[in-house]
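Notes follow once the structure below has been shown.
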Amino acid sequence: MIDRRIKFRHIQCFVEIAQTGSFKRAAETLFLTQPAISKTLKELEDILGCNLMERSRAGVNLTTDGARFLQYAQMALASLQQGLQDLGSDKDAQTETLAIGALPSVTAKLLPAVSKRLSKDSHPFTLRILDGPHKFLLDKLVTGEIDMLLGRMGDHRDMVGLNFSLLYREKISFIVRKGHPFLKDATLEGLKDWPIIYPDRNAAIRPSVDRFMVERGISDLYRRVETVSGAFGRRYVAESDAIWIISDGVAASEVDAGRLERLPFDTDTTLGPIGIVTREDWDLSHPARIFRRALRDTVEHLGL
């Protein structure tokens, strides 16, 4: 009888480490951190009551027990993969759904390109995308209403029981309409003279923006609307003299098209990690593996 403590993630993690010969490469492939990979392997070894692998400067070596167990673990994964393919080939089978939560910058910049890449192949699953504030999406992730979250890493207090895997880094930008009069002589001190769109309290970028302002002595931006709504920001900025403080990816396409412009402020200190957040106890599904591969390929293709 199979020990009920053994989960799919244990087998998947063990096989990936063995095949890549590296904890680092296995973590990258599974979109997990190295500590999470190490923890999962240790759990499996504790359950089995034996050491499966040994680390050395040359990499990872299987023990005698590990080499024996690998054969069965690979056969188990192969059988499961065959079963998934058989189900996928059945036209009457129920379509699987992968639910993604994404912050505005990822929704605007990355997900359209990922979806285009996925649409080139016929995959038997439905991709459901939910956007919104960071805290809102984190709550959805914790309760299992979404499978993964794409965006900035949250406060360490919000990351308990969650894994974060880095994709790229993104900074904050100050966005205005094309031909805005402030472009001629833009200064941070001059921001107080214009309407401002500022990230709200639940926004992942709010701490970074607040810190940026405090460090530069800017504290009197009273003429402001607080939101991270991309739809509102694009329309309001295009039709007014408002200045939009937002993650660069949210407005990148409009800037590239020449409809909006960035103010010439150095915001490199606001660079923040964008990545995948998942629950530690979540077993990576077949649709998630397909999506993750498309995500990685897209990030590389875009040079992010």
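In this text the structure is predicted, and so the values were computed from the model without any measurement.
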Cluster question for you: counting only ILVMFWY and a side-chain heavy-atom cut-off of under 4.5 Å, with indirect links fine, are [X] and [Y] together?
X: Ile246; Y: Leu103; result: no
X: Met148; Y: Val114; result: yes
X: Ile274; Y: Phe291; result: yes
X: Ile205; Y: Ile175; result: yes
X: Ile172; Y: Val106; result: no

Test item: [X] and [Y] side chains (from C-beta on) under 4.5 Å apart, heavy atoms:
X: Leu295; Y: Leu110; value: yes
X: His134; Y: Pro199; value: no
X: Leu304; Y: Lys109; value: yes
X: Leu41; Y: Phe23; value: yes
X: Leu52; Y: Ile17; value: no

Between [X] (side chain only) and [Y] (backbone N and O only), is there a donor and an acceptor less than 3.5 Å apart?
X: Asn163; Y: Ser165; result: no
X: Thr63; Y: Asn51; result: yes
X: Arg25; Y: Thr20; result: yes
X: Ser22; Y: Lys24; result: yes
X: Asp147; Y: Ala99; result: yes
X: Glu254; Y: Arg234; result: no
X: Gln74; Y: Val15; result: no
X: Ser105; Y: Val250; result: no

Grab the two heavy atoms, one from [X] and one from [Y], that are nearest each other, plus how far apart they are.
X: Ser229; Y: Trp244; result: O-CZ2, 4.0 Å
X: Leu166; Y: Pro273; result: CD1-CB, 3.6 Å
X: Ala251; Y: Leu260; result: CB-CD1, 4.4 Å
X: Ser115; Y: Leu127; result: OG-CD2, 4.1 Å
X: Ile197; Y: Gly233; result: CD1-CA, 4.0 Å
X: Arg152; Y: Ala204; result: CB-CB, 4.0 Å

Just how far is it from atom [atom1] of [X] to atom [atom2] of [Y], taken to the nearest 0.5 Å?
X: Gln12; Y: Leu44; atom1: CD; atom2: CG; answer: 12.5 Å
X: Ile243; Y: His180; atom1: CD1; atom2: NE2; answer: 5.0 Å
X: Leu221; Y: Lys192; atom1: CG; atom2: NZ; answer: 9.5 Å
X: Glu215; Y: Asp210; atom1: CD; atom2: CG; answer: 11.0 Å
X: Met53; Y: Lys42; atom1: CE; atom2: NZ; answer: 14.5 Å
X: Leu62; Y: Arg68; atom1: CG; atom2: CZ; answer: 13.0 Å

Criterion side-chain contact (heavy atoms from CB on, under 4.5 Å) against Leu149, the qualifying member of Leu130, Ile100, Val142, Leu141: Leu141
Pair Leu183, Leu263 - check side chain to side chain contact (heavy atoms under 4.5 Å, CB included), show working. CA-CA 6 Å; Leu183 286 163; Leu263 290 174; 3.7 Å; yes
I need the single residue from Asp248, Thr270, Thr267 that forms a side chain to side chain donor-acceptor pair (under 3.5 Å) with Ser173. Which is it? Asp248
Is the gap between the ring centers of Phe14 and Phe69 under 6.0 Å? yes
Residues Asp297, Arg293; criterion salt bridge (Lys or Arg N to Asp or Glu O under 4.0 Å); working and verdict: CA-CA 6 Å; Asp297 291 344; Arg293 190 179 305 115; over 6 Å; no
Under 3.5 Å, is there a donor on one side chain and an acceptor on the other for Thr278 and Arg292? no
Short side-chain donor-acceptor distance under 3.5 Å, Glu96 and Ser285: no
Describe, in one word, how the ring planes of Phe182 and Trp194 are oriented to each other, choosing from parallel (under 30°), tilted (30 to 60°) and perpendicular (over 60°). tilted
Would you check, one step at a time, whether the test side chain to side chain contact (heavy atoms under 4.5 Å, CB included) holds for Ile290 with Leu118? CA-CA 8 Å; Ile290 295 173; Leu118 286 172; 3.9 Å; yes
Test Val209 against Tyr198 for side chain to side chain contact (heavy atoms under 4.5 Å, CB included), laying out the working first. CA-CA 9 Å; Val209 174; Tyr198 203 87; 3.5 Å; yes
Determine whether more than 12 heavy atoms belonging to other residues, nucleotides or ligands lie under 6.0 Å from atom NZ of Lys39. no
For Glu300, does the CD atom have more than 12 heavy-atom neighbours from other residues, nucleotides or ligands under 6.0 Å away? no
Presence of salt bridge, [Y] and [X], under 4.0 angstrom:
X: Asp241; Y: Arg177; value: yes
X: Glu43; Y: Lys7; value: no
X: Arg206; Y: Glu226; value: yes
X: Asp139; Y: Lys135; value: yes

Within 45 degrees of the ring normal and closer than 6.0 Å to the centroid, is that where the cationic atom of Arg216 sits relative to Phe212? yes
Does Arg296 form a side chain to side chain contact (heavy atoms under 4.5 Å, CB included) with Leu167? I'd like the steps, not just the answer. CA-CA 8 Å; Arg296 172 182 288 181; Leu167 289 172; 5.8 Å; no
